[in-house]
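Here's the structure, in structure tokens; my notes come after.
Reminder, nothing fancy here: chain letters follow the sequence lines and each chain counts from 1.
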2 protein chains.
Amino acid sequence: MKVNQKYIADLLKISRVTVTKALQDHPDIAISTVKKVKALADELGYIPNIVGRSLSTKKTNTIGVVVPKINHSFFSTIIEEMYTKAQALGYQIILMVSFENEESELANVKSLLSMNVDGIIIDSVSTSAKDKSYELILKHQKPLIYIDRKPRSIKKVESIVFDDYNLSYKLTNLLIDRGYKDIMYITGSQEVNICYDRLIGFKTAMSDARLDVPTDWILNADLDKENSYKVFQKYLENNSKLPEAIVCVNDFVALGVYEACEKNQIKIPDDISIVGFGHLNISNLVQPPLSTVKLDLQKASFVAVEKLIAMINDQPYEKNNIIGGEIIFRESVK
Amino acid sequence: MKVNQKYIADLLKISRVTVTKALQDHPDIAISTVKKVKALADELGYIPNIVGRSLSTKKTNTIGVVVPKINHSFFSTIIEEMYTKAQALGYQIILMVSFENEESELANVKSLLSMNVDGIIIDSVSTSAKDKSYELILKHQKPLIYIDRKPRSIKKVESIVFDDYNLSYKLTNLLIDRGYKDIMYITGSQEVNICYDRLIGFKTAMSDARLDVPTDWILNADLDKENSYKVFQKYLENNSKLPEAIVCVNDFVALGVYEACEKNQIKIPDDISIVGFGHLNISNLVQPPLSTVKLDLQKASFVAVEKLIAMINDQPYEKNNIIGGEIIFRESVK
DNA sequence: CTGTTAGCGCATTCAC
DNA sequence: GTGAATGCGCTAACAG
């Protein structure tokens, strides 16, 4: 038999409403009644049905989170941090995975809206100018925050992004300081904000130092190891000149370069220096340890959840946060 | 204004029920009406409210998943695979994290029950004989499957576990074949099935080969790198005799041993050989690459989701699956 | 083919 | 202090 409020009420021969109120410690109800109700509820293992409650209160106390992948150290870290913070603040996270696919992201957003989450956090895969997910959420007037990646075309939306431009600029500058001149860059789609900002940071640093970057030394690798391997491998097949250093848009891309170097017997850092971005947990386990930029993932995740909940509850919040990081040089650079 | 079925019905001046049926392609309704309704729904960006539907149908089309952690390659892999399979079968996953804490697991289960998920999959943290999560789910008659780790005390429950005993036996045997005799084992709590089974596999292989294992050569390390480091470090401080090889209950534990070896300038595999279990993605990135056992995580995850959904829908399913694996020797063993 | 009625579990409002 | 009435959005059973 299902244990719900009616069940308890019938057993106690009181009204269902009294049960509701008693369970909420409503001042209306006599303490003795409250005690009786709670005791029985405990005994029966009563668990409130949130579905019913949500329908009535128009709140679900859940927040939807859409990420491109789970099984990557970067994402699994921010996911876990968001879970931690949400749990502490009394919210449940409904996690969806877009698998780096725009249509899937849209479907996820639809699911979240139909599940009536109170707000949404997206690490976007969008590369197109018009973003349907965004339009839809806007239409439904749900609080929304982009974390990490957001479609570049959307301006008027809350976001929590990393200080990509400045970190990339600084990183490049540190390389230049060490005497590097012929530096290659491997990036992803320019529609994704992180790729754009990091590349601009790189380019600006180079031009500020009056160093030239040939157009064909900016390769496009779609943000993952496999593509990066292919792209750099192809470069090696078609060109004889090796850059002195390669700046990669993230650590996965750097690992792809590692692989290509190993296949072609190019020694890191003797023949070439490599730097990544993002500080994957494996970045200091590979040989040689990878120089990279450590982003404050916990802070970004915490801020995202805190801010979204503030938005949900019409509380004040800081606008458009930029999260810093720290440059870490290891043996992949001479 | 909120777009719901009533809103559409009013606009079209028909009954709400007609709208419901039209949206479901119910044969009752005239095609012309169906078209009109769907067109308007599309135009308005109507998204059904699943909360309402669930309350009415008593089904949520969601399955609850509880895992100890997210930010570990093993867990993030099975999570992602479960998402993949669930999505393909039209179910949503509600993911909860117990953070290796039994009380938290129980709270998660309560949340899932109150969200009225159709079934639950748990990678358990329970170490105690009486498992409250289990009792609760049983009481609520929800389909339940344990994956990977389950409380050893519970017998009559569906589970999907890895072939720990046999793989551990085989692994140990392969070491013995290579001439190793003084072998240490580092394990976790014996209440967790994987620890128990793997240790028994090890012990049996050793005794079958008439090799002795001193009791103080079976260390307890709680399944993670930090504890493993501490435990083995402590051993090194208090003992002079080094084992020829160490079998670790999982790769994290093996990495803790790596760390202790490095701190104490013990060379792997020259001074000591190490094997892990689980095939973390980093296992072949560390130096030297770690010998380990690769478990078929995708299969386990797929089977878990498929089976749970079969249970939910009262369809037949195979009982208590055991998922195999493959032993991979790398440079961490001579 | 369409609509009426009823109910899912809970919470709020208001009257007793 | 207690409870009756109402509605949240949707669906199922039945009637017209």
Any A:Thr18 side-chain N or O less than 4.0 Å from OP1/OP2 of D:dG3
yes
What is the distance, to the nearest angstrom, from the CG atom on A:Asp25 to the C1' atom on D:dG1?
15 Å
Any salt bridge between A:Lys6 and A:Asp10, counting N to O under 4.0 Å?
yes
Roughly, in whole Å, what's the span from CZ in A:Arg16 to P in D:dG7?
17 Å
Among C:dC8, D:dT11, C:dG3, find the nucleotide with the atom closest to the side chain of B:Leu55.
C:dC8
A:Tyr46 side chain near C:dC10 phosphate (N/O to OP1/OP2, under 4.0 Å)
yes
Bend across the helix from C:dC1-D:dG16 to C:dC16-D:dG1, to 10°, with axes taken over 5 pairs at each end?
50°
Has the side chain of B:Arg149 got a donor or acceptor atom that lies under 3.5 Å from a matching backbone atom of B:Ser124?
yes
In whole Å, what is the span from the NZ atom of A:Lys58 to the P atom of C:dG9?
19 Å
For the pair made of NZ in B:Lys59 and P in D:dA12, what is the distance, rounded to whole Å?
12 Å
Is the distance from OP1 or OP2 of D:dC10 to the nearest side-chain N or O of B:Asn49 less than 4.0 Å?
no
Within 45 degrees of the axis of the six-membered ring of B:Tyr317 and under 6.0 Å from its centre: does B:Lys307 put its NZ or CZ there?
no
Nearest to the side chain of A:Ala30 - C:dG9, D:dG1, C:dT2?
D:dG1
For the side chain of B:Gln24, starting at C-beta, report the closest nucleotide among D:dG9, C:dT13, D:dT11.
D:dT11
C:dA11 phosphate, OP1 or OP2, under 4.0 Å from A:Gln5 side-chain N/O:
yes
Between CZ of B:Arg53 and C1' of D:dG9 the distance, given in whole Å, is 10 Å
Using a heavy-atom cut-off of under 4.0 Å over every strand shown, decide if B:Pro48 touches base, sugar-phosphate, or nothing.
sugar-phosphate
Heavy-atom closest pair (B:Lys69 atom, B:Val97 atom, distance to 0.1 Å) is CA-CG1, 3.9 Å
Calculate the interatomic distance between A:Ile47 atom CD1 and C:dG9 atom C1'; express it in whole Å.
14 Å
Within a strict 4.5 Å, meaning less than it, do heavy atoms of the A:Tyr91 and A:Thr62 side chains meet?
no
Would you indicate what B:Ile50 reaches in the nucleic acid, counting non-hydrogen atoms under 4.0 angstrom: base, sugar-phosphate, or nothing?
nothing
More 5' along DNA chain D: B:Thr57 or B:Lys21, using each one's nearest nucleotide?
B:Thr57
Which of these passes side chain to side chain contact (heavy atoms under 4.5 Å, CB included) with B:Asn71: A:Ile78, A:Ile79, A:Thr77, A:Leu297?
A:Thr77
Under 4.0 Å between a side-chain N or O of A:Ser56 and OP1 or OP2 of C:dG9?
no
Is the shortest side-chain heavy-atom distance between B:Thr60 and B:Ile50 below 4.5 Å?
no
Counting the atoms with a prime plus P, OP1 and OP2 as sugar-phosphate, which does A:Ser54 contact under 4.0 Å by heavy atoms, base, sugar-phosphate, or nothing?
nothing
Nucleotide C:dC10, atom P - distance to CD1 of A:Ile8 in whole Å:
8 Å
Hey, is the main chain of A:Lys59 close enough, under 3.5 Å, to the side chain of A:Asp118 for a donor-acceptor pair?
no
Can you check the B:Leu113 CG to C:dG9 P distance for me, whole Å?
15 Å
By nearest-heavy-atom nucleotide on DNA chain C, the more 5' of B:Val17 and B:Ile31 is B:Ile31
